[in-house]
Amino acid sequence: MPEGITDVKQERGSTIIMSNTYITVRVENGVAVVSPNRPESLNALNAELVDELDGAFSQLAADPDVRSIVVYGEKHFAAGADIGNMVEFTPEEARAFSFSGRFSRIEACPKPVIAAIEGFALGGGMELALCCDFRIAAVNAKMGFPEINLGIFPGAGGTQRLARLIGASKAKKMIFTGAAVKGPEALEYGLVDAVADNPLEDAMKLAEELAAKPQVALSLAKQCINMADETHLQAGVEFEASNWARLFATADQKEGMRAFIEKRKPEFKGR
Ligand code: CO8
């Protein structure tokens, strides 16, 4: 865990398990809700907040009581990287500030991660949402990449992940114009998976559904799907085949198939 992060583990159930300077993490029914907490700057991402996110994700990845994760900022998801920090950066300082690597680790989290988006998800905030497996947005959520109006462009994976998700033309339109889109248009673009009156509630429902699935199979399926963006088809198919075979060493595969044959509901153990 990065230095300076306080880990306040309390009793399990519905409880805050981490309360750091800029984020809080609650766990309920096997679902962790990770929330940036800088309301005075609409949850703008400073270096410390990103460090805390990174530390929280590595801790949650290793926590057997956590089976899925929701990222949720109250009122606003995150209005981008903290501009105040960046104004006088030299290129070297900008490179050192870069949180691309930490966002890639969030994308590679072995558990399913859902972004529940209210208010602004801009710039680095939207890049964080793109590292999640699913995005559920409020009708009035405003999502976009305004960096061009600051004389820069998205630098924490945005140009890459946005183009892969919605196609190069729509990505260029969003990044070149800097214009934000609201929930329904974001859904039409394929930027979000669903629009909801209460995105946190819908994200929790999906997270709880996923928390009940066989965790090794789900985690390896995520790795295989993420690999599709990284590799040639045949290498990806090989990667899938070897990971698929590994599942036959899990108790959950035996349980899932036996339960089917015995016509009962499976009880997965996560191993
Ligand atoms: N950084 C710092 N402070 C911010 C940010 C931000 N990104 N966004 C909002 N704030 C602050 C405001 O300065 C203001 O503070 P104060 O009250 O002290 O003046 C407070 O939050 C409230 O904001 P506003 O008064 O501006 O609220 P409005 O409702 O009028 O406007 C907006 C809301 C439209 C969201 C507006 O605040 C805005 O345009 N914010 C900036 C959005 C933006 O440009 N985001 C992209 C930032 S750059 C980026 O994310 C790069 C990512 C790549 C990183 C690569 C390296 C890792």
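What's counted below: heavy atoms across the whole structure, side chains too, no hydrogens, waters or symmetry copies. Ligands are counted one by one from 1 in listed order, and the atoms in each one are counted from 1 as well. Predicted, not measured: the structure shown is a model, and the values here were computed from it.
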**Report entry** Working for side chain to side chain contact (heavy atoms under 4.5 Å, CB included), residues Met143 and Ile117
**Finding:** CA-CA 9 Å; Met143 293 155 277; Ile117 305 173; 4.2 Å; yes
Query - Evaluation steps, side chain to side chain donor-acceptor pair (under 3.5 Å), between Ser104 and Arg161 - result: CA-CA 10 Å; Ser104 292; Arg161 294 192 178 97; 3.2 Å; yes
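Taking each of Ala47, Pro146, Ala79, Ser100 in turn, the one with a heavy atom nearest to atom 8 (N) of ligand 1 proves to be Ala79. Looking at Glu40, His76, Glu127 and measuring to atom 14 (C) of ligand 1, the nearest heavy atom belongs to Glu40.
Atoms of ligand 1 lying under 4.0 Å from any heavy atom of Leu122, numbered from 1 in the order shown and given with element: 35 (C), 42 (C). Close approach to Gly123 involves these atoms of ligand 1, each under 4.0 Å from a residue heavy atom: 50 (O). When each atom of ligand 1 is checked for a heavy atom of Gly155 under 4.0 Å away, the hits are 53 (C), 55 (C).
For atom 25 (O) of ligand 1, no protein non-hydrogen atom is found at a distance below 4.0 Å. Using a 4.0 Å threshold on non-hydrogen atoms, atom 30 (O) of ligand 1 does not count as touching the protein. Within the 4.0 angstrom cut-off, atom 48 (S) of ligand 1 has one or more protein heavy-atom neighbours. For atom 12 (C) of ligand 1, no protein heavy-atom neighbour is present inside the 4.0 Å cut-off. Contact annotation for atom 38 (C) of ligand 1: protein absent (non-hydrogen atoms, distance under 4.0 Å).
Within the 4.0 Å heavy-atom criterion, the part of Phe120 lying near ligand 1 is the side chain and not the backbone. Only the side chain of Leu150 comes within contact range of ligand 1, with a heavy atom under 4.0 Å; no backbone atom does.
Polar contact with ligand 1: present for Ala81 (N/O pair, distance under 3.5 Å). Where the criterion is an N or O separation shorter than 3.5 Å, residue side chain and backbone included, Met86 fails it with respect to ligand 1. Taking only nitrogen or oxygen atoms, main chain and side chain alike, Gly124 reaches within less than 3.5 Å of ligand 1.
Closest to atom 56 (C) of ligand 1, if we only count protein heavy atoms, is Ser98 CA, 3.7 Å. In terms of protein heavy atoms, atom 10 (N) of ligand 1 is closest to Ser41 O, 3.7 Å. Closest to atom 41 (C) of ligand 1, if we only count protein heavy atoms, is Ile83 CD1, 3.7 Å.
Salt-bridge formation is not detected for the pair Arg271/Glu255: no Lys NZ or Arg NE/NH1/NH2 atom is positioned less than 4.0 Å from an Asp or Glu carboxylate oxygen. With respect to the salt-bridge test (charged N to carboxylate O, under 4.0 angstrom), the residues Lys269 and Asp252 do not qualify.
The aromatic ring centroids of Phe77 and Phe120 lie 6.0 Å or more from each other.
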